[in-house]
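For reference, positions follow the sequence shown, starting with 1. If you're wondering where the values come from, they're calculated on a predicted model, not measured in any experiment.
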Amino acid sequence: MKWLRGMTDLPIAIKGIQCWEDAVLCMEYGAHPWLSNHGGRQLDSAPSAVETLVSIRQHCPEVFDKCEVIVDGGITRGSDIVKALALGAKGVGLGRPFLYSAAFGGAGVSKAIRILKNEVETTMALLGITSLNQLNPSYVRIPIIKLDPVVVSR
């Protein structure tokens with residue numbers, strides 16, 4: 001990071017963050033965490049980007065004050081976008097919806113954008129908000145998951 005920071009004054013984002021501890025490291029080094037499990041999504045136990053976002057919210061919410069957190073992966077609907085933004089993300093990555101819609105050319109991509117825009121606006125209306133700036137974590141229900149320790153016997 002020191003070497004890279006010495007080369008540019010541009011913002012630096014580190015993609016592939018999968019735990020809150022690494023998000024804290026990004027914050028400490030002046031980089032923006034890009035939450036993604038791309039490349040690891042085939043593993044059953046790889047956390048989703050939204051799970052990592054929730055973990056950051058629970059363990060080190062100060063990351064959201066000092067970094068622009070990006071969520072990439074698992075965003076398939078407008079309501080997913082709203083949830084990520086409510087939990088503190090500054091933006092989301094959307095690849096596949098546009099990859100698939102591009103098969104229909106510019107008209108397909110335009111339609112995908114209209115669909116997502118409509119879903120975001122509908123979700124906002126159902127929440128009773130008129131601006132994305134009104135979002136906060138209270139708009140997302142996060143179930144608390146408590147796991148009992150696993151006992152291995154032979």
Side-chain angles (χ1 to χ4, degrees), residues 1-43 45-125 127-142:
M1 275 301 298
K2 192 175 191 179
W3 169 80
L4 188 57
R5 179 59 64 209
M7 295 181 63
T8 183
D9 291 329
L10 294 171
I12 298 171
I14 298 179
K15 185 175 182 183
I17 301 303
Q18 294 189 48
C19 64
W20 67 267
E21 294 93 343
D22 286 345
V24 169
L25 286 173
C26 286
M27 177 183 69
E28 290 172 356
Y29 284 99
H32 304 286
W34 189 317
L35 313 182
S36 172
N37 68 2
H38 289 186
R41 63 181 166 257
Q42 291 82 7
L43 300 173
S45 59
S48 71
V50 172
E51 287 175 306
T52 304
L53 184 65
V54 169
S55 182
I56 294 169
R57 171 70 47 208
Q58 292 172 335
H59 296 283
C60 52
E62 63 275 11
V63 167
F64 298 105
D65 297 328
K66 297 180 181 176
C67 301
E68 293 187 2
V69 179
I70 301 162
V71 173
D72 190 9
I75 305 293
T76 59
R77 299 181 296 258
S79 60
D80 296 330
I81 295 170
V82 172
K83 288 174 193 174
L85 296 176
L87 290 169
K90 294 291 185 207
V92 299
L94 292 159
R96 289 176 193 247
F98 297 111
L99 173 67
Y100 296 144
S101 64
F104 298 97
V109 173
S110 292
K111 184 168 183 175
I113 292 169
R114 284 193 311 273
I115 290 169
L116 285 167
K117 181 178 184 280
N118 183 35
E119 290 175 350
V120 167
E121 290 171 346
T122 299
T123 303
M124 290 171 59
L127 291 174
I129 63 171
T130 56
S131 168
L132 293 173
N133 293 334
Q134 296 171 294
L135 287 171
N136 62 63
S138 72
Y139 286 100
V140 181
R141 183 174 175 271
I142 305 169

Among L53, L135, V71, find the one that has a side-chain contact (heavy atoms from CB on, under 4.5 Å) with L87.
->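 Exactly one candidate clears the test, L53.
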Taking CZ in R5 as the centre, count heavy atoms belonging to other residues, nucleotides or ligands within less than 6.0 Å. Is the count above 12?
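Correct, the count exceeds 12.
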Exercise for review: Report, as yes or no, whether the 6.0 Å neighbourhood of atom CZ on F104 holds more than 12 heavy atoms from other residues, nucleotides or ligands.
Suggested key: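 Check fails, neighbour count at 12 or below.
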Can you find a pair of side-chain heavy atoms, one from [X] and one from [Y], that are under 4.5 Å apart?
X: I14; Y: M1; value: yes
X: I56; Y: L35; value: yes
X: L116; Y: E119; value: yes
X: R57; Y: P137; value: yes

- Check step by step if side chain to side chain contact (heavy atoms under 4.5 Å, CB included) holds for V120 and K117. CA-CA 5 Å; V120 167; K117 181 178 184 280; 5.8 Å; no
Minimum heavy-atom distance between [X] and [Y], given as atom pair plus value:
X: A112; Y: F98; result: CB-CE2, 4.0 Å
X: V109; Y: A102; result: CG2-CA, 3.8 Å
X: A23; Y: V63; result: O-CG2, 4.0 Å
X: F64; Y: A89; result: CE2-N, 4.3 Å
X: S36; Y: K15; result: OG-CE, 3.7 Å
X: A46; Y: E51; result: O-OE1, 4.4 Å

Approximate separation, where rounding is to 0.5 Å, of [X] [atom1] and [Y] [atom2]:
X: S101; Y: R96; atom1: OG; atom2: CZ; answer: 13.5 Å
X: M27; Y: D22; atom1: CE; atom2: CG; answer: 12.5 Å
X: L94; Y: L99; atom1: CG; atom2: CG; answer: 12.0 Å
X: C19; Y: L25; atom1: SG; atom2: CG; answer: 8.0 Å
X: K83; Y: I75; atom1: NZ; atom2: CD1; answer: 9.0 Å
X: Q134; Y: L85; atom1: CD; atom2: CG; answer: 13.0 Å

Under 3.5 Å donor-acceptor, T122 side chain and N118 backbone: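 Pair found, side chain donor or acceptor close to backbone of N118.
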